[in-house]
Amino acid sequence: MLRAYNLLLYFLIYNKDKAFGAAGETIVIEELLEGEEVSCLCFTDGRTVAPMPPAQDHKRLLEGDRGPNTGGMGAYCPAPQVSKDLLLKIKNAILQRTVDGMQQEGTPYTGVLYAGVMLTRDGPKVLEFNCRFGDPECQVILPLLKSDLYEVIQSTLDGLLCAAPPLWLENRAAITVVMASQGYPGDYAKGVEVAGIAEAQALGLEVFQAGTALKDGKVVTSGGRVLTVTAIRDTLVAALEGAKQGLAAIKFEGAVYRKDIGSRAIAFLQQPR
Ligand code: GLY
């Protein structure tokens, strides 16, 4: 109860200048689900559910999961907290049931289904559904897709996922880190020059631009979450090192980013079992 009051107080303080716009006019109080939050996405053709490898997003702005919530400051995939057995349970109990339910209600769903799942002591529970890829989860899930994305989308549309399920790379891990503008998720400056993208790409990293624009032939910031740097390596440890090299290469004034994306998973993997 104390935590609920604290959250409400935090919201009221943060929202005093209408930081959330119209969305801040209603407060919804829900059951508090405690545990690790993971993103479990799937392709579905309305009947067959083909899960993607589980990912985890880092929503807080600052290292150590401190500071305000954001759209996501980084993600990694696969999330080792979700074992093969647990993913099967999430597939059957959440994703397949949802898709079947929509079919039965006469509103069949085709496309990408994203379940935000809390791994509670009582088992996996749904926090939210989205009908899209996640951002920044997409930047770590799709690089692990072995099949051709176009063909997967075609099978999804043609109702053929059962016959041609997507294949995923084994023994590869991806970490992506968001570089955000100073002030994000509040107000931030735009038009700040971004340097070093080509240097990061030369290190074998993927750089996905989101809040950028071209001005006089130069890349400048134009949004809160400016870009993400993705490293795909054999292990999460190696991927984190790779992403850090990209962060060192890319520079813009006031850049905010976390260097601990994936470290909870790395700690999980290092626990004795
Ligand atoms: N990363 C959270 C989302 O895409 O909803």
Side-chain angles (χ1 to χ4, degrees), residues 7 11 14 19-21 23-24 28 30 32-44 51-82 87 90 94-95 98-99 109 111-120 124-145 149 153 173-181 184-186 188 206-212 223-232 236 239-240 243 256-265:
L7 279 172
F11 174 84
Y14 192 70
F20 300 113
V28 179
E30 298 177 314
L32 176 68
L33 299 179
E34 286 183 293
E36 289 268 337
E37 184 181 343
V38 288
S39 306
C40 296
L41 287 74
C42 68
F43 295 100
T44 179
M52 305 183 199
Q56 189 173 52
D57 180 13
H58 291 242
K59 294 239 166 52
R60 298 295 188 127
L61 181 71
L62 304 173
E63 285 172 17
D65 291 324
R66 295 172 302 110
N69 256 337
T70 69
M73 292 300 291
Y76 62 89
C77 183
Q81 302 90 326
V82 183
L87 186 60
I90 291 169
I94 296 175
L95 298 169
T98 304
V99 168
Y109 178 74
V112 170
L113 182 63
Y114 167 134
V117 175
M118 191 68 95
L119 304 179
T120 76
K125 295 199 177 184
V126 176
L127 276 174
E128 62 170 350
F129 281 117
N130 294 308
C131 46
R132 55 171 173 77
F133 286 105
D135 178 13
E137 290 95 324
C138 185
Q139 293 91 308
V140 285
I141 295 175
L142 284 190
L144 302 184
L145 181 63
L149 178 61
I153 291 172
I175 288 189
T176 198
V177 182
V178 172
M179 297 185 81
S181 298
Y184 173 81
Y188 49 82
E206 299 284 348
V207 180
F208 297 100
Q209 299 183 44
T212 59
R225 288 189 294 169
V226 174
L227 55 83
T228 60
V229 182
T230 302
I232 304 135
L236 283 172
L240 182 56
V256 177
Y257 53 85
R258 290 178 57 164
K259 285 190 271 185
D260 66 344
I261 302 299
S263 44
R264 279 217 308 276

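Counting convention: from 1, in listed order, for ligands and their atoms alike.
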* Enter the distance from Cys77:SG to Gln139:CD here, rounded to the nearest 0.5 Å. =>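 Spacing of SG (Cys77) from CD (Gln139) equals 11.5 Å.
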* To do: Could you name each residue pair satisfying ring pair (Phe, Tyr, Trp, His ring centres under 6.0 Å) that touches residues 61-82, not counting sequence neighbours?
  =>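 Residue pairs with at least one partner in residues 61-82: His58-Tyr76.
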Write down the atom of [X], the atom of [Y], and the distance for their closest heavy-atom approach.
X: Gly262; Y: Ile175; value: CA-CD1, 4.3 Å
X: Thr70; Y: Arg60; value: CG2-C, 4.4 Å
X: Ala180; Y: Tyr184; value: CB-CD2, 3.9 Å

* Contact residues of ligand 1, where a non-hydrogen atom lies under 4.0 Å away ->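 Correct list: Asp57, Lys59, Gly71, Tyr114, Asn130, Arg132, Gly134, Asp135, Pro136, Glu137.
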* Is Glu137 reaching over with its side chain to a backbone N or O of Asp57, donor-acceptor style, under 3.5 angstrom? ->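 Answer holds: no.
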